[in-house]
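Structure record follows, encoded as structure tokens.
Naming: A, B, ... by sequence-line order, numbering from 1 per chain.
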Amino acid sequence: MVAENLLGKFLVRDGRTFMITEVEAYDGFEDKASHASRGETPRNKVMFGEAGVWYVYFVYGMHHMLNIVTGAEGYPAAVLIRGIEGISGPARLTKSLGIDWQMNEQKAIHASGLWIEDRGIIIPKNRIERTPRIGVAYAGEEWAGKPWRFCIKDRYLNHDKFSSPENR
DNA sequence: TAAGTGATCTCT
DNA sequence: GAGATCACTTAA
């Protein structure tokens, strides 16, 4: 799965690099927790496009969320970047990196100012925690219960709010 | 634990 | 057009 492989890669923004520590997958037409589950709309159309493109949207009247599109063209899938080294929480992440709607539909390449680098770090399976996704209870048990959230179990990363997943 | 906040989607 | 909802955070 693509989501799991993003752990340990680096998010690069304006010359600053941050290791990705927490992600969630949203996959396919059936996934009731995904914006794509009710068909293509102006907002989610980027999820249906090519992989390697940012999907940024605005929720709760104040927060931007950063996702990377992963599926094949025509198949809606994306990974929500929920946390990076030193920062936990998807909205805090976008806020501190200055990411907003302008990044939506941009490619994750150097020219866009925001991209992902593989520096050869491999996170051992036993340091990866799998849990249900956060904040998607509305999707019903079947989909909200899917263990599609991945984070690095490392008490020395994200120690500020690392225990927040249990709070749900 | 609840309120804040506004874009987006669904239904009139 | 109106009303409900929401892949969250913060302060208490």
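- Atom NE2 of His35(A) and atom C1' of dC8(C) are 12 Å apart (whole Å).
- Distance CZ (Arg149(A)) to C1' (dA7(C)): 12 Å, rounded to an integer number of Å.
- Rounded to an integer number of Å, the gap from Asn67(A) CG to dA7(C) P is 11 Å.
- Ion pair Arg82(A)/Glu24(A) flagged as a salt bridge, since at least one NZ, NE, NH1 or NH2 atom sits closer than 4.0 Å to an Asp/Glu carboxylate oxygen.
- Residue Ile152(A) holds its CD1 atom at 4.0 Å from CE of Met19(A), rounded to the nearest 0.5 Å.
- Minimum atom distance to the side chain of Phe58(A) is reached by dA7(B), of the listed dA7(C), dT10(B), dA7(B).
- If you check distances only, the side chain of Tyr57(A) does reach the base of dA7(C) with a donor-acceptor pair under 3.5 Å.
- Here the P atom of nucleotide dC9(B) and the NZ atom of Lys45(A) are 11 Å apart, to the nearest Å.
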- Query: Where do Met47(A) and Glu40(A) land on the side-chain contact (heavy atoms from CB on, under 4.5 Å) test, with the steps shown first?
  - Reply: CA-CA 9 Å; Met47(A) 288 184 77; Glu40(A) 187 172 336; over 6 Å; no

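- Across dC6(C), dC9(B), dC8(C), the shortest atom-to-atom separation from the side chain of Thr41(A) is found for dC9(B).
- If you measure from atom CG of Leu93(A) to atom C1' of dT9(C), you get 14 Å, rounded to the nearest angstrom.
- For the atom pair OG of Ser37(A) and NZ of Lys32(A), the computed distance is 6.0 Å after rounding to the nearest 0.5 Å.
- Residue-level contact check: Ala33(A) touches the bases, meaning some heavy atom is under 4.0 Å from a base atom.
- Remark: Phe150(A) CZ to Arg133(A) CZ distance equals 10.0 Å, nearest 0.5 Å.
- For the strand DNA chain C, secondary-structure stems (runs of at least three Watson-Crick or G-U pairs, all distances below 3.5 Å) span B:1-4 with C:8-11, B:6-11 with C:1-6.
- Side chain of Pro90(A), nearest nucleotide from dT9(C), dC9(B), dA7(C): dT9(C).
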For a quick test of your reading: what N or O donor-acceptor pairs under 3.5 Å do the side chains of residues 53-70 of chain A make, sequence neighbours left out?
from: Trp54(A); atom 1: NE1; to: Leu114(A); atom 2: O; distance (Å): 3.0
from: Tyr55(A); atom 1: OH; to: His35(A); atom 2: ND1; distance (Å): 2.7
from: Asn67(A); atom 1: ND2; to: Tyr55(A); atom 2: O; distance (Å): 3.2

Between N or O atoms, less than 3.5 Å apart, protein on one side and nucleotides 2-5 of chain B on the other: list the pairs.
from: dT5(B); atom 1: O2; to: Tyr60(A); atom 2: O; distance (Å): 2.6

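- A straight line from CD1 of Ile87(A) to P of dT10(C) spans 11 Å, rounded to a whole angstrom.
- Between the P atom of dC6(C) and the NE2 atom of His64(A) lies a distance of 20 Å, rounded to the nearest Å.
- Between the OG1 atom in Thr17(A) and the NZ atom in Lys9(A) there is a gap of 14.5 Å [rounded to 0.5 Å].
- Atom-to-atom, CZ of Arg38(A) to C1' of dA7(C) comes out at 13 Å; the value is rounded to the nearest Å.
- Between Arg92(A) and the phosphate of dT10(C), there is a side-chain N or O to OP1/OP2 separation shorter than 4.0 Å.
- Closest to the side chain of Pro42(A), from the set dC8(C), dA7(C), dC9(B), is dC9(B).
- The CD atom of Glu85(A) sits 11.5 Å away from the CD1 atom of Ile20(A) when rounded to the nearest 0.5 Å.
- In terms of phosphate contacts, Arg82(A) brings a side-chain nitrogen or oxygen within less than 4.0 Å of OP1 or OP2 of dC8(C).
- Atom-to-atom distance recorded for Met103(A):CE and Thr94(A):OG1 is 11.5 Å, nearest 0.5 angstrom.
- Of the possible donor and acceptor atoms, none in the side chain of Ser34(A) sits under 3.5 Å from a partner among the backbone N and O of Asp27(A).
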